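All remarks here apply to the structure that follows.
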Amino acid sequence: MRYDDEPVFRRSKWGTNRYYYNPHHPVGLALIIITLLFVGTMLFLMANRAGPFKPSPAPAPWSPPPYDYFRPSPSISPSGP
């Protein structure tokens, strides 16, 4: 069977300038299958919130560092006049 006379894309007959995959050409049929698998996978990942649709982890609550500054004790200095 020869597919030389079948184009991969066909012009829509609805009066628009759009094209669609031709299922009578093996490349067009492969493109249809690949598109359906891709869309199905993306919908599955979106529904399960996985992959690129996974929400970012919640940031840890803010906790200040421990207070480890000790005030220096007043130095004993000779009292002035």
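Just so we're clear, the structure is a prediction, and the values are computed from it rather than from any experiment.
For Met42, the side-chain contact (heavy atoms from CB on, under 4.5 Å) test picks out Phe38, Leu45, Phe53, with sequence neighbours left out. For Ile32, the side-chain contact (heavy atoms from CB on, under 4.5 Å) partners two or more places apart in sequence, or in a different chain, are Tyr21, Pro23, Leu36.
Atom CG of Asn48 sits about 11.0 Å away from atom CG of Leu43, to the nearest 0.5 Å. The CG atom of Leu31 sits 6.0 Å away from the OG1 atom of Thr35 when rounded to the nearest 0.5 Å.
Here the shortest heavy-atom pairing between Arg11 and Tyr19 reads NH2-OH, 2.8 Å. Between Pro7 and His25 the shortest heavy-atom distance is O-CB, 3.8 Å.
Grouping the Ile, Leu, Val, Met, Phe, Trp and Tyr side chains by contacts below 4.5 angstrom, directly or via other members, places Val27 with Phe9.
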